[in-house]
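All chains are named by letter (A, B, ...) in the order of the sequence lines, taking the proteins before the strands, and each is independently numbered beginning at 1. None of these values were measured; they are calculated from a predicted model.
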Protein chains: 2
Amino acid sequence: MATVSRRKGAAIERLEQLCRKHSLPLTAQRRAVLEALQARLDHPTVDELWEDVRVLIPEVSRTTVYRILETFAQLRIIRKVCHPGAVARYESLTTRHHHLLCIRCGAMTDLQNAVYDKLTLPGADTGFEIEDYSIQFSGLCAECVASEGHSRK
Amino acid sequence: MATVSRRKGAAIERLEQLCRKHSLPLTAQRRAVLEALQARLDHPTVDELWEDVRVLIPEVSRTTVYRILETFAQLRIIRKVCHPGAVARYESLTTRHHHLLCIRCGAMTDLQNAVYDKLTLPGADTGFEIEDYSIQFSGLCAECVASEGHSRK
DNA sequence: ATTGCGTTTGCAATACCATGGCAACCGTGT
DNA sequence: ACACGGTTGCCATGGTATTGCAAACGCAAT
């Protein structure tokens, strides 16, 4: 199928490190889930990812994908995306970026702009140990603007 | 401007205006849902709000609460909170604020700090018509820091 | 390479969240 | 007061996420 000639990918190496660190066995399923997620540029749901993983491991269970994604999110290998919809979505950890979210249809797009990447994190007075941030810009996507254009604010 | 008589609550008045504007009947259920949401300072789930509304209208249906919240969110009277959990959460529209989110347990707290309130919105080149934004700071809450303190980063 | 242990996986069943259809009800304008 | 259209409540349905347990697997010691 795919050419295996390419090197391992930095994130897979990182996965090996993290699995060792947390004493987690590095199974074929875990590898496949991470690869499938990193091959995507959007914010797939669990079922979408399941479809991708089945290409690599046809007999993989949906439950397993659920569990692996949850585990990875806990270890901060991937990120569970904040989305107002009722289904869980994930994304691989890439560079810092932000999200454009349509209030009406739920469409979500990435936004990368250095202007927003230099904020200073809140201090310890919040009670939280903040590691990262992401800005959610909310509004209307192009399609919804077109279909809602008359109602003024 | 400071002399705003607190008789009815500004948001209820706003609700009446918006209902008229969109030709929506202003029912007792809609009033109760909005009041219940504004009485809370957190980010309640639909069921949590349903419990509150039942105090005011004992025979209200859970389905109705679902529908009203969805309608209000569409009209931008309230906001559907972005939360990685699988259940929908809402908050009443207040001033611009941001969220501290625990990656581990899902706890969510508001953060209000003028430092983060002066960002310029992305332009039309994004294809979106942005109205507002909110920053999601992600990390560990105090409890989870305590229970995860050994794993070095 | 083999063995043994603890973890993970897969399957099925279950719980839970959210939505849709339909008759009765209620708010609104006349 | 009346009639109309939208809303509500109930029930059923669809879909998502979680749980328990036997079998399979990864990992490390032998």
Side-chain angles (χ1 to χ4, degrees), chain A residues 12 15-36 43-51 53-54 56-75 77-78 80-90 104-106, chain B residues 12-13 15-36 43-51 53-54 56-75 77-78 80-90 105-106:
Chain A
I12 295 290
L15 173 61
E16 294 179 2
Q17 288 175 14
L18 283 166
C19 281
R20 251 191 299 278
K21 187 178 103 181
H22 292 272
S23 314
L24 290 181
L26 177 53
T27 64
Q29 288 87 342
R30 288 198 173 121
R31 227 184 285 256
V33 166
L34 189 63
E35 276 183 27
H43 317 91
T45 66
V46 179
D47 274 8
E48 287 169 345
L49 276 172
W50 183 45
E51 290 300 325
V53 175
R54 287 170 83 180
L56 302 169
I57 306 177
E59 67 276 12
V60 73
S61 158
R62 189 205 310 241
T63 307
T64 299
V65 178
Y66 270 96
R67 279 188 289 221
I68 290 179
L69 289 170
E70 187 59 33
T71 303
F72 283 179
Q74 293 299 324
L75 299 184
I77 297 170
I78 65 174
K80 201 169 188 176
V81 184
C82 287
H83 188 280
V87 292
R89 291 171 179 274
Y90 292 88
R104 195 144 170 275
C105 72
Chain B
I12 296 289
E13 288 178 9
L15 174 61
E16 294 179 3
Q17 290 174 13
L18 283 166
C19 281
R20 249 191 299 278
K21 186 178 106 181
H22 292 272
S23 315
L24 292 181
L26 178 53
T27 65
Q29 288 87 343
R30 289 200 174 120
R31 229 185 283 257
V33 167
L34 189 63
E35 276 182 28
H43 317 90
T45 66
V46 179
D47 274 6
E48 287 169 344
L49 275 172
W50 183 43
E51 290 301 326
V53 175
R54 287 169 84 179
L56 302 168
I57 307 177
E59 67 276 12
V60 74
S61 159
R62 188 203 312 240
T63 307
T64 299
V65 178
Y66 270 97
R67 279 187 290 223
I68 290 178
L69 289 170
E70 188 57 34
T71 303
F72 283 179
Q74 292 300 323
L75 299 184
I77 297 170
I78 64 173
K80 201 168 187 174
V81 182
C82 286
H83 189 279
V87 291
R89 292 171 179 273
Y90 293 88
C105 72

Asker: Contact class for T27(A) (heavy atom, under 4.0 Å): base, sugar-phosphate, or nothing?
Answerer: sugar-phosphate

Asker: What is the distance from CG of L75(B) to C1' of dG6(D), rounded to the nearest Å?
Answerer: 14 Å

Asker: Could you state the atom-to-atom distance from CH2 of W50(B) to C1' of dC17(C) in whole Å?
Answerer: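 It is 13 Å, rounded to the nearest whole Å.
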
Asker: Scan side-chain atoms only and decide if Q17(B) and E13(B) contain a donor-acceptor pair under the 3.5 Å cut-off.
Answerer: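 There is no such pair between these side chains.
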
Asker: Look at the side chain of D47(A) and decide which nucleotide, out of dT16(D), dT8(D), dT18(D), has an atom nearest to it.
Answerer: dT16(D)

Asker: Please report the distance, rounded to the nearest Å, between CD1 in I57(B) and P in dT7(D).
Answerer: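 For the pair I57(B) CD1 and dT7(D) P, the rounded distance is 15 Å.
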
Asker: Which nucleotide, dC11(C), dT8(D), dG20(C), lies nearest any side-chain atom of S61(A)?
Answerer: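 In terms of side-chain proximity for S61(A), the closest of dC11(C), dT8(D), dG20(C) is dC11(C).
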
Asker: Is the shortest side-chain N/O distance from Q29(A) to OP1 or OP2 of dC25(D) below 4.0 Å?
Answerer: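 Negative; the distance criterion is not met.
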
Asker: How many whole angstroms separate atom OH of Y66(B) from atom P of dG14(D)?
Answerer: 18 Å

Asker: From NE2 of H22(B) over to P of dT7(D), roughly how many Å is that when rounded to an integer?
Answerer: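 Rounded to whole Å, this separation is 12 Å.
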
Asker: When you measure from the side chain of V46(B), which nucleotide among dT8(D), dA18(C), dT8(C) comes out closest?
Answerer: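 The answer is dA18(C).
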
Asker: Which nucleotide, dC11(D), dC11(C), dA17(D), lies nearest any side-chain atom of T63(B)?
Answerer: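 Ranking dC11(D), dC11(C), dA17(D) by closest atom to the T63(B) side chain puts dC11(D) first.
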
Asker: CZ of R20(A) versus C1' of dG26(D): gap in Å, rounded?
Answerer: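 The distance from CZ of R20(A) to C1' of dG26(D) comes to 13 Å, rounded to the nearest Å.
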
Asker: Does this structure show an ion pair linking E59(B) with R54(B), if we count only N-O contacts that are shorter than 4.0 Å?
Answerer: no

Asker: With distance as the sole test, does T71(A) use its side chain to make a donor-acceptor pair with the main-chain N or O of R67(A) at under 3.5 Å?
Answerer: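 Present.
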
Asker: If I take atom CZ in residue R31(A) and atom P in nucleotide dT8(C), what distance separates them, rounded to the nearest angstrom?
Answerer: 15 Å

Asker: Go through the N and O atoms of the side chain of R67(B) and the base of dG6(D), and report whether any donor-acceptor pair is under 3.5 Å.
Answerer: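 It does not, because no donor-acceptor pair links the side chain of R67(B) to the base of dG6(D) below 3.5 Å.
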
Asker: Measure from CG on L26(A) to C1' on dC27(D) and round the result to the nearest Å.
Answerer: 11 Å

Asker: Evaluate K21(A) against E16(A) for salt bridge (charged side-chain N to carboxylate O under 4.0 Å, His left out), listing each step before the verdict.
Answerer: CA-CA 9 Å; K21(A) 187 178 103 181; E16(A) 294 179 2; over 6 Å; no

Asker: Out of dT18(D), dG27(C), dT8(C), which has the shortest distance to the side chain of P25(B)?
Answerer: dG27(C)

Asker: With the side chain counted from C-beta on, respond yes when S61(A) and V65(A) share a heavy-atom pair under 4.5 Å apart, and no when they do not.
Answerer: no

Asker: Considering every strand and a 4.0 Å limit on heavy-atom distances, what is the contact class for A88(B): base, sugar-phosphate, or nothing?
Answerer: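 The answer is sugar-phosphate, as A88(B) gets under 4.0 Å only of primed atoms, P, OP1 or OP2.
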
Asker: Heavy-atom nearest nucleotide on DNA chain D for R62(B) versus S23(B): which residue maps closer to 5'?
Answerer: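 Its nearest nucleotide lies further toward 5', so the answer is S23(B).
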
